[in-house]
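Atoms within each ligand, like the ligands themselves, are counted from 1 in listed order.
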Amino acid sequence: MTTTTDTHCPYCSLQCGMRLAAADGAETLVVERPGFPVNRGALCGKGRSAAALLDPASRLGTPLVRERGELRAATWDEALSRVARGFAAIRAEYGADAVGVFGGGGLTNEKAYQLGKFARVALGTANIDYNGRFCMSSAAAGNRIAFGLDRGLPFPLEDIPRTECLILVGSNPAETMPPALRYFRELRENGGTLIVVDPRRTRTAEQADLHLQPLPGSDLALALGLLHLLIADGTVDTGFIEARTTGFGQARAAAMAHWPERVERLTGIAADRLREVAHRFGRARTGMVLTARGPEQQSKGTDTVGAWINLCLASGKAGRLYSGYGCLTGQGNGQGGREHGQKADQLPGYRSIEDPAAREHVARVWGVDPDTLPRSGRSAYELLDSLGAPGEDGVHGLLLMGSNPAVSAPRAARVTQRLRSLDLLVVSDLVLSDTAQLADVVLPSAQWAEETGTMTSIEGRVILRQQAVDVPDGVRGDLWLMRELAERLGVGRGFHDDPETVFDELRRASAGGQADYAGISYDRIRAGDGVFWPCPAEDHPGTPRLFLDAFATPDGRARFAPVTHRPAAEEPDAAYPLYLTTGRVLAQYQSGAQTRRVEALNSAAPGPFVELHPLLARRLAVAEGELLAVTSRRGRAVAPARITDAIRTDTVFMPFHWPGAGRANTLTNPALDPTSKMPEFKVCAVRVEAAGAAVVPAGAARSGQGEPV
Ligand code: SF4
């Protein structure tokens, strides 16, 4: 008999609805679920092939422990005992903060919530953060500063086709979330204008009315220049500014110092082109700016987001129907994962861990004394960089759940070395990821279709992934893992392995916070197409559109950000004369730990490459497919050349999905944004040359050993 289950894709933040058909002894199939409004049945290749992840051959089926340098199979009892003993010993020697926790933006809300609680209550450590810090922390910070609240999109995707002018900055949904492209197509069909800002002429940029190709790292100057032109054009909305904002004076002064010819020099975009964009955006009655990792993954990401928000505020395109600023989240639960306690400085419901009232509320739900809760810990890169540092300054044991920083962290060779230096590295994952290969204990976790849990999508819509198939023998869920470990650490109470029980506790913990889930239940989600937060009560309809009446600041007004241009942390020079920017390709997802194991995807995108302009290729005397060595101050990566006039002549691009010789993050710069602690993935200075005969073939999965750190 075949059973069908409505669920959602295991990958990106669009969280496309899909249906799984499972029958005894037969392969589980992904089938269309046309009734889910976000994707109306459409799926990209990753979603269509998602059932391949359930193949026992490609996933872990038993715990592993390291013995005499090698990983060997172990029982759960042996593995968990080793973890509990190891963490207890580290805490006894160095203190509770010497055990760290590193989570993931793909974990369900229930797992993310319980992981935050596990870190603070069972381990007593302040040091918990997650890879979502690398995803949209700059947008989160920019949103909080301007609007008093961070939800990636303050409106549903269905509003996009109804706006008149949309500027998409540093985002390539044609490759990262293809089903979302229809919203942009419909916008143009309705007569709207789509403007794409990207140093590469991506498949998304090809569909735009206007494409701006700025220098990597110059998005802040671009936004300031556009605001200058709005002011000069007289298209600022003074009534809106007076009624609903504060701080325009400073923003105006900063913009006036960014006249078109100066911005042309800073961005490489002709002044006339800037004027055209400003005219179109300024004169439109409704408009949106959407940013993604391009402007956000910079050491000035928060200010850059602030500058784009300023543009919306000055032209009255925020807090109004079909207008506003939004951020396109990347990871499946990038939104929910940061709302409920995985971040070093936050408690569930988007509460600050430093706020006495928030500590009191959450401690009451958790049944602990508020004074026992740790304070803010280290942000993601700071945490990774502290691994194995001497004495009490270092984190000596790490529990890593659903993340693969050996590939995805900046300055990855150093991070790999740090992971190796730990007394105890414990990794819970469904596959033997590149990071799990370094671990002392590997715990095989249930995934996506094998368990139930909620996710919060790109729109702030809380949806339910429902279990469709049995958990394989030898595999356990992460909720169970936390409960068992807590018991072995002597904190038996308060940890559960039933997702709905955990969600009900999350509802109580989030009640009254900004990300208020109190009124959301599994039954409500099942009965509809998800529920938008905030939803403070069971009879509350949820909130698809934020800020229409007031912003979430104490006085209800949005705040202009007082920002001004500054260069990237590392600009090209004589030794490293080119920009490197990094990103994703259609057939792979994030660090590739899952998609590299799916034949249909991996054969479409089997290895890394270096994209460069024909003029640069001629100058370097390299041909298509020839191996190139790309060197930054942090290391060297080797991958074949892909020559295209879609990229600037002064910039090379590498996708970051692969480990080994072609690992792009060997090169990237961990310079951090001072507010969001986002590393500068999107821009660094490199040297490029033909690799010569002595290098390993690009795409070969070599270890990171021996690379500069
Ligand atoms: Fe899955 Fe994202 Fe593709 Fe939709 S767009 S099918 S959520 S990977």
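- Within a 6.0 Å radius of CD in Gln437, more than 12 heavy atoms belonging to other residues, nucleotides or ligands are found.
- A 6.0 Å sphere centred on CZ of Arg597 holds more than 12 heavy atoms belonging to other residues, nucleotides or ligands.
- We find that Asp434 and Arg596 are joined by a salt bridge, their nearest charged nitrogen and carboxylate oxygen being less than 4.0 Å apart.
- Across Gln213, His211, Glu611, a single residue satisfies side chain to side chain donor-acceptor pair (under 3.5 Å) together with Arg200, and that is Glu611.
- Between the Thr452 side chain and the Gln467 main chain, a donor and an acceptor come within less than 3.5 Å of each other.
- At a heavy-atom distance under 4.0 Å, no atom of Arg48 approaches ligand 1.
- Here Cys16 meets the criterion, with an N, O or S atom under 2.8 Å of atom 4 (Fe) of ligand 1.
- Using a 4.0 Å cut-off between charged side-chain N and carboxylate O, Glu175 and Arg203 make a salt bridge.
- For ligand 1, the atoms sitting less than 4.0 Å from at least one non-hydrogen atom of Met177 are 5 (S), numbered in the order shown with element in parentheses.
- When each atom of ligand 1 is checked for a heavy atom of Gly47 under 4.0 Å away, the hits are 6 (S).
- Taking every non-hydrogen atom of Cys9 and a distance limit under 4.0 Å, the qualifying atoms of ligand 1 come out as 1 (Fe), 6 (S), 7 (S), 8 (S).
- Interface of Pro179 with ligand 1, defined as ligand atoms under 4.0 Å from a residue heavy atom, comprises 5 (S).
- Of all the heavy atoms of Cys44, the ones lying under 4.0 Å from any atom of ligand 1 are found in both the backbone and the side chain.
- For atom 2 (Fe) of ligand 1, the N/O/S atoms of Cys12 include one lying under 2.8 Å.
- Taking every non-hydrogen atom of Tyr11 and a distance limit under 4.0 Å, the qualifying atoms of ligand 1 come out as 8 (S).
- Ring pair Phe102/Phe134 is tilted by interplanar angle, where 30° to 60° counts as tilted.
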